[in-house]
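A note on names: the letters A, B, ... follow the listed sequences, proteins ahead of strands, and every chain is numbered from 1.
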Protein chains: 2
Amino acid sequence: MSEHFSGKKAAEIVGITYRQLDYWARTDLVRPSLADATGSGSRRRYSYRDLLELKVVKTLLDSGIKLESVREAFSYLRDHLGEDIASAQLIISGGSAILVRDDDELIDVLKRGQGVMTNLLSLGGVQKEVDDAIVHLRPADAAAGKLAVAPAKAQKAAPRPRRAASGG
Amino acid sequence: MSEHFSGKKAAEIVGITYRQLDYWARTDLVRPSLADATGSGSRRRYSYRDLLELKVVKTLLDSGIKLESVREAFSYLRDHLGEDIASAQLIISGGSAILVRDDDELIDVLKRGQGVMTNLLSLGGVQKEVDDAIVHLRPADAAAGKLAVAPAKAQKAAPRPRRAASGG
DNA sequence: CGCTGAAACTACGCCGGTGTGGTACGCCCA
DNA sequence: TGGGCGTACCACACCGGCGTAGTTTCAGCG
């Protein structure tokens, strides 16, 4: 029933316009992994994991990153991001990106990157925001706590929906 | 003779197109502080300090930051950036920006910013790059070391030389 | 099995940030 | 004071990333 999210819901939850969601899907940035659009009238179905990705994109945009850079960062993210999202730190710099799990490691990377611009994002916070938004936008029944569990599971069970990314 | 830089030279040194330099000057992002344009045929004169600002902008752009965010960051930078450029770390996040001088302070800020995107730049490296570029593009006479002094002064005038620009 | 509403699609426009190319104007030197 | 050259200016175009409006088509219901 509610393991998936419609396009509109997804947009609401992560705080973007439908137009953005649509554009990102078409241009291969974040596609619904449960059900892609198959023409006019069909329906996209976003997974919880997709919401996380959408939220990361939005967060990056809000912080002043160009969409182009976000695309490049994501080609890296998809390969290296496992289930343990909350504890990871994402660092992007131009076209490159790095994932860091440990705080000390993070500091190390920062010091090494002298002179080079570095963009940093704590993924744990992103996940929390999405969870909160889902609960807030819940139509009553889910407020019963059902979905408060599902997200935790979703990140563990999520297989990797691989789509053909066309170049970058 | 060489305390200032023409528009074209400035663009060369920092590695941007003249069109960008022109656009940025017109739109009030980085203006030549020694002599602004007063109409067609006039000449802009950039100071060394201006070069640093230009280079910071370019570095931010290269790292994937939107020009709009750069503008906002600079309105903060101009107020708070003193002489001690080399030891400062610039952190921007969307519209806000922070300057950090100390490494521990930096780490503190990063941890505090859980979930919020953070963009980080070490200004010391930027200065070094500019200095190198100036030397490399020198037409002989300046290679005599005249200008190698002026930049050095800028960073030495600082009250506390915390971290030398050697790292990078 | 047909209706209907929602969501995907299409077409068009806008704006910021630049590339290109041509023009006009000062600055410097003779 | 005039000539040449460097440079600012101007007009035009383009492209990405959307907003807006209108159209098409499917999903799900009765």
Whole-Å distance separating the [atom1] atom of [X] from the [atom2] atom of [N]:
{"X": "A:R44", "N": "C:dC9", "atom1": "CZ", "atom2": "C1'", "result": "9 Å"}
{"X": "B:K58", "N": "C:dG17", "atom1": "NZ", "atom2": "C1'", "result": "15 Å"}
{"X": "A:K9", "N": "C:dA6", "atom1": "NZ", "atom2": "P", "result": "13 Å"}
{"X": "B:R19", "N": "C:dG22", "atom1": "CZ", "atom2": "C1'", "result": "13 Å"}
{"X": "A:H4", "N": "C:dA7", "atom1": "NE2", "atom2": "P", "result": "11 Å"}
{"X": "B:D22", "N": "D:dC10", "atom1": "CG", "atom2": "P", "result": "10 Å"}
{"X": "B:Q20", "N": "C:dT20", "atom1": "CD", "atom2": "C1'", "result": "14 Å"}
{"X": "B:K66", "N": "C:dT18", "atom1": "NZ", "atom2": "P", "result": "14 Å"}

Is there side-chain contact between [X] and [Y], with at least one heavy-atom pair below 4.5 Å?
{"X": "B:F74", "Y": "B:R78", "result": "yes"}
{"X": "A:F5", "Y": "A:R44", "result": "no"}
{"X": "B:D131", "Y": "B:Y48", "result": "yes"}

Return the nearest nucleotide to the side chain of [X]; candidates are [options].
{"X": "A:T17", "options": "C:dG19, D:dC9, D:dG19", "result": "D:dG19"}
{"X": "B:R26", "options": "D:dC10, D:dT24, D:dC18", "result": "D:dC10"}
{"X": "B:R43", "options": "D:dG6, D:dC18, C:dT18", "result": "D:dG6"}

TODO: Would you tell me if any nitrogen or oxygen in the side chain of B:W24 comes within less than 4.0 Å of OP1 or OP2 on C:dG17?
DONE: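 No.
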TODO: Establish, with yes or no, whether the OP1 or OP2 oxygen of D:dG17 is under 4.0 angstrom from a side-chain nitrogen or oxygen of A:Y23.
DONE: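 Yes.
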Reckon [X] touches a base, only the sugar-phosphate, or nothing at all at heavy-atom distances under 4.0 Å?
{"X": "B:S6", "result": "sugar-phosphate"}
{"X": "A:K8", "result": "sugar-phosphate"}
{"X": "B:I16", "result": "nothing"}

- [ ] Give the C-alpha distance, both sets of side-chain angles, the deciding distance and a yes or no for salt bridge (charged side-chain N to carboxylate O under 4.0 Å, His left out) between A:D22 and A:R19.
- [x] CA-CA 5 Å; A:D22 185 48; A:R19 201 63 187 75; 3.6 Å; yes
Open item on the list: Let's test your reading of the model: under 3.5 Å, does the base of D:dT24 pair with the side chain of A:S40 as donor and acceptor?
Closed with: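 When only heavy-atom distances are counted, A:S40 does reach the base of D:dT24 through a donor-acceptor pair under 3.5 Å.
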- [ ] Using heavy atoms to find the nearest nucleotide of DNA chain C for B:T27 and A:G39 separately, return the residue whose nucleotide is more 5′.
- [x]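 Nearest-nucleotide comparison on DNA chain C picks A:G39.
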TODO: Take B:G41 and B:L67, find for each the nucleotide of DNA chain C with the closest heavy atom, and name the residue whose nucleotide sits nearer the 5' end.
DONE: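 On the 5' side of the pair lies B:L67.
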- [ ] Decide side-chain contact (heavy atoms from CB on, under 4.5 Å) for A:Q20 and A:T17; before the verdict, give the C-alpha distance in whole Å, the side-chain angles of both, and the deciding distance to 0.1 Å.
- [x] CA-CA 5 Å; A:Q20 286 179 299; A:T17 67; 3.2 Å; yes
